[in-house]
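Here's the structure we're looking at; comments come further down.
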Amino acid sequence: MDKQGVFREAKSWVLEAGKHIRDNINEPLHIETKSNADDLVTQMDQETEEFFADRIRSTYPSHRVFGEEGFGDDVRDLDGIVWIVDPIDGTMNFVHQQKNFAISIGIYEDGIGEIGIIYDVMEDVLYTAVKGEGAYRNGEPLPEVLKNRPLEKSIFSLNTTWLLEENRRVEAEGIRELVKTLRSTRSYGSAALEFAFVAEGLLDGYVTMSLMPWDVAAGKVILEEVGGVVTAGNGSELSMVDRSSVCATRANIHDEVVKGYIRLK
Ligand code: 2AM
Ligand code: CA
Ligand code: CA
Ligand code: CA
């Protein structure tokens, strides 16, 4: 793959799609629900994914598209070049807040994350990485994330769902212990932005129990470029084809979090 060429093209499409969303942010929304009443999708999610699928297919006919809203291909493996696309990550924020959402695109070649792009649309902040070439925020290099900060002085992003006893995926007691150990927690409602904030050093970690490949594909490439570690909640390799738990942190605390606090059900 001509990584620089594909990266330039992808970046320009992301900025174009983001501008379209910004320009239409006050237009009435067509909102539908998916798996349940709180699982929202809008026409803008669908239009944006269709925009990427059309551009990718006409420019790179051999590449495949793996997207949340169904305009891509039926992807079950990562052979060849696959664009993993979340047209709007944080749809609930998009609907309720008209901010705090992102476009997320990860481009993988034979399972290796080569390009990551996360665009905070309303803030006009673009996080990018090409594997082996560092991560950037609006074109400025991001430094390696701090290596020596202990868990007791760390801030993690964490959804309160995982503190509820009845959740299906993780032992809540372990997560409560984690909350007690940490300095504090935050919850932003956009997995892609939560990855970007860890890469930027605003957060020290992001732990969550149920994400899809399009939530994490770009964030993994970006965070790994600044020395972060990204795995499933049990420390195993993160799946880029199936739903997974996620532990994404600075390197020095990753093992401690996975082994000491996250007990998957
Ligand atoms: P979305 O807005 O693209 O759906 C909110 O905590 C985060 O979880 C967002 O990144 C959101 O992405 C994602 N999310 C929402 N519903 C989800 C689901 N059913 N499975 C996996 N991720 C989900
Ligand atoms: Ca969704
Ligand atoms: Ca998402
Ligand atoms: Ca989405």
Side-chain angles (χ1 to χ4, degrees), residues 13-14 17-18 20-21 25 29-53 65-72 75 83-106 113 116-123 127 156-164 167-170 175 185-199 203 205-223 230 232-233 238-248 264-265:
W13 296 339
V14 167
H20 177 78
I21 297 172
I25 196 74
L29 287 175
H30 302 270
I31 305 165
E32 295 166 29
T33 59
K34 301 209 286 185
S35 60
N36 63 65
D38 301 321
D39 185 3
L40 309 178
V41 62
T42 74
Q43 196 179 354
M44 190 62 89
D45 298 67
Q46 295 163 338
E47 278 174 19
T48 304
E49 185 169 304
E50 192 172 25
F51 164 83
F52 285 116
V65 183
F66 188 26
E68 181 179 7
E69 309 302 348
F71 294 88
V75 170
W83 294 55
I84 308 179
V85 176
D86 196 336
I88 298 184
D89 182 62
T91 295
M92 192 178 289
N93 291 348
F94 173 66
V95 169
H96 284 254
Q97 306 177 334
Q98 292 83 51
K99 61 193 272 195
N100 302 324
F101 60 88
I103 296 170
S104 174
I105 295 191
I117 301 176
I118 294 172
Y119 188 39
D120 183 334
V121 171
M122 299 314 288
E123 291 294 313
Y127 300 90
F156 271 36
S157 181
L158 181 72
N159 188 321
T160 50
T161 305
W162 313 119
L163 298 169
L164 301 178
N167 94 77
R168 287 192 291 135
R169 301 192 187 272
V170 70
I175 302 298
T185 60
R186 301 285 184 272
S187 190
Y188 294 95
S190 159
L193 288 179
E194 288 165 297
F195 268 91
F197 294 162
V198 179
L203 297 170
Y206 174 41
V207 168
T208 194
M209 296 305 139
S210 176
L211 290 178
M212 294 298 287
W214 41 78
D215 298 316
V216 300
K220 181 169 190 284
V221 178
I222 293 169
L223 182 51
V230 181
L238 196 59
S239 171
M240 279 299 155
V241 283
D242 292 316
R243 182 178 297 277
S244 177
S245 55
V246 172
C247 178
L264 299 178
K265 281 181 179 165

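Just follow the structure's listing: the first ligand is 1, and inside any ligand the first atom is 1.
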Practice item. Please report the C-alpha distance between F195 and V246 in whole Å, then the side-chain angles of each, then the deciding distance to 0.1 Å, and finally whether the side chain to side chain contact (heavy atoms under 4.5 Å, CB included) criterion is met. Key: CA-CA 11 Å; F195 268 91; V246 172; 3.8 Å; yes

Point to revise | side chain to side chain contact (heavy atoms under 4.5 Å, CB included) between E68 and E49, intermediate numbers included | key: CA-CA 8 Å; E68 181 179 7; E49 185 169 304; 4.2 Å; yes

Practice item. Would you please test L29 and F94 for side chain to side chain contact (heavy atoms under 4.5 Å, CB included) and show each step? Key: CA-CA 10 Å; L29 287 175; F94 173 66; 3.6 Å; yes

Point to revise | side chain to side chain contact (heavy atoms under 4.5 Å, CB included) assessment of K34 paired with E69 | key: CA-CA 10 Å; K34 301 209 286 185; E69 309 302 348; 2.9 Å; yes

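Considering only heavy atoms from C-beta on, I21 comes within 4.5 Å of F101 through its side chain. Under the 4.5 Å side-chain criterion, counting only non-hydrogen atoms from C-beta, I84 is in contact with M240. You'll find the side chain of F197 stays beyond 4.5 Å of the side chain of S157, heavy atoms only. For the pair E194 and T208, the minimum side-chain heavy-atom distance is 4.5 Å or more. Taking the side chain as every heavy atom from C-beta outward, R243 and M212 approach each other to under 4.5 Å. A 4.5 Å side-chain heavy-atom check between M44 and H20 finds at least one atom pair inside the cut-off. For the pair F156/C247, no side-chain contact is recorded, criterion being any heavy-atom separation below 4.5 Å from C-beta on. Contact of the L264 side chain with the S245 side chain is registered, since non-hydrogen atoms from C-beta on lie closer than 4.5 Å.
Residue-to-ligand polar distances place E68 within reach of ligand 1: an N/O pair is separated by less than 3.5 Å. Where the criterion is an N or O separation shorter than 3.5 Å, residue side chain and backbone included, G189 fails it with respect to ligand 1. Remark: ligand 1 and A192 share no N or O pair separated by less than 3.5 Å (distance only, no angle test). At under 3.5 Å, not a single nitrogen or oxygen of D39, backbone or side chain, sits near a nitrogen or oxygen of ligand 1. For ligand 1, the polar-atom distance check finds no N/O of L211 at less than 3.5 Å from any of the ligand's N/O atoms.
For ligand 1, the atoms lying closer than 4.0 Å to a non-hydrogen atom of A191 are 9 (C), 10 (O). The contact set between ligand 1 and S190, taken as ligand atoms under 4.0 Å from a residue heavy atom, comprises 10 (O). Proximity to D86 (heavy-atom distance under 4.0 Å) selects the following atoms of ligand 1: 3 (O). Applying the 4.0 Å criterion to heavy atoms of I88 picks out, from ligand 1, the atoms 3 (O). Ligand 1 places these atoms under 4.0 Å from at least one heavy atom of D89: 1 (P), 2 (O), 3 (O), 9 (C), 10 (O), 11 (C), 12 (O). Close approach of ligand 1 to R243 (heavy-atom distance below 4.0 Å) involves ligand atoms 18 (C), 20 (N), 21 (C). The ligand atoms of ligand 1 that sit less than 4.0 angstrom from a heavy atom of T91 are 2 (O). For ligand 1 and S210, the ligand atoms under 4.0 Å from any heavy atom of the residue are 21 (C), 22 (N).
When the N, O or S atoms of D89 are ranked by distance to the Ca ion (ligand 3), OD1 comes first. Looking at D215, its N, O or S atom nearest to the Ca ion (ligand 3) turns out to be OD1. Per residue D86, closest N, O or S atom to the Ca ion (ligand 4): atom name OD1. The closest approach of E68 to the Ca ion (ligand 4), by N/O/S atoms, is made by OE1.
Side chains of S104 and D89: no donor on one and acceptor on the other come within 3.5 Å.
Each of D45, V41, I88, L40 was checked for a side chain to side chain contact (heavy atoms under 4.5 Å, CB included) with V95, and the lone residue meeting it is L40.
When distances from atom 5 (C) of ligand 1 to the protein are checked, a heavy atom turns up under 4.0 Å. For atom 15 (C) of ligand 1, no protein heavy-atom neighbour is present inside the 4.0 Å cut-off.
Remark: minimum distance from atom 1 (P) of ligand 1 to any protein heavy atom is reached at G90 N, 3.6 Å. Nearest to atom 13 (C) of ligand 1 among the protein's heavy atoms is D215 OD1, 4.1 Å.
For K34, the closest heavy-atom approach to ligand 1 does not fall below 4.0 Å.
Metal site remark for the Ca ion (ligand 4): I88 contributes an N, O or S atom at a distance under 3.0 Å.
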